[in-house]
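Sharing a structure with you now.
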Amino acid sequence: MLANLAVGLLEASSIAKGIEASDAMVKMASVKLAKTAIVARGKYIIMISGPTGEVESALRAGRQMLGKTLIDEVLIRNVHGQVI
């Protein structure tokens with residue numbers, strides 16, 4: 001049986017904007033901040049998990065906050081609970 005869970009990921013070209021976006025994402029919706037990381041050349045990755053609708057709303061808020069610093073976005077719907 002598929003759960004109504006999703007995993008979302010945003011990649012930003014700015015560490016500062018990435019931190020702002022992660023803050024906006026968790027304040028916008030009931031999602032869990034699964035992981036944040038600084039990667040090579042000042043990029044920032046944000047991974048969240050939670051109910052599908054909440055993750056979609058949080059990603060929308062993160063995209064808006066990142067603006068032109070958004071590099072990539074991934075949304076995986078209907079993730080099994082054990083994955084999270």
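As the structure is a prediction and not an experimental result, all values here were calculated from the model.
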Rounded at 0.5 Å granularity, tell me how far CG in D72 sits from CG in L9.
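It is 7.5 Å, given to the nearest 0.5 Å.
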
Tell me whether L66 is reachable from I19 by hopping between hydrophobic residues (I, L, V, M, F, W, Y) whose side-chain heavy atoms are closer than 4.5 Å.
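Cluster IDs for I19 and L66 match.
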
Is the CD atom of E73 crowded by more than 12 outside heavy atoms at less than 6.0 Å?
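Enclosed: over 12 neighbouring heavy atoms sit under 6.0 Å from CD of E73.
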
Distance-only, no hydrogens or angles: does the E54 side chain make a donor-acceptor pair with backbone N or O of S30 under 3.5 Å?
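Checked: pair present.
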
Minimum heavy-atom separation for L5 to P51, with atom names?
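Scanning both residues completely, I find the closest heavy atoms to be CD2-N, 4.3 Å.
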
Straight-line distance of L70 CG to S14 OG, nearest 0.5 Å
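Output value for this atom pair is 12.0 Å.
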
Considering non-hydrogen atoms only, spot the tightest contact between A24 and A61 and give its length.
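Scanning both residues, the minimum pair turns out to be O-CB, 4.3 Å.
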
Side chains of K43 and I71: closer than 4.5 Å at any heavy-atom pair?
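The answer is yes, as the side chains (C-beta and beyond) meet within the 4.5 Å cut-off.
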
With rounding to the nearest 0.5 Å, note down the distance linking CD in E11 to CD1 in I45.
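E11 atom CD to I45 atom CD1 measures 5.0 Å (nearest 0.5 Å).
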
With hydrophobic residues grouped by side-chain heavy-atom distances under 4.5 Å, do I15 and V26 end up in a single group?
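Yes, one cluster joins them.
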
Spacing of Y44 atom OH and S13 atom OG [to the nearest 0.5 Å]:
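That separation rounds to 14.0 Å.
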
With rounding to the nearest 0.5 angstrom, report the OG1 to CG distance, T36 to L10.
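These two atoms lie 12.0 Å from each other.
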
Matching residue for V55 among V79, I76, L75 - test: side-chain contact (heavy atoms from CB on, under 4.5 Å)
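When side-chain contact (heavy atoms from CB on, under 4.5 Å) is applied between V55 and each of V79, I76, L75, only L75 qualifies.
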
Taking all non-hydrogen atoms of both residues into account, name the closest pair between M25 and V31 and its distance.
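Here M25 and V31 meet closest at O-CG2, 3.9 Å.
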
Nearest 0.5 Å, what's the CD1-CG distance between I46 and L59?
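These two atoms lie 9.0 Å from each other.
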
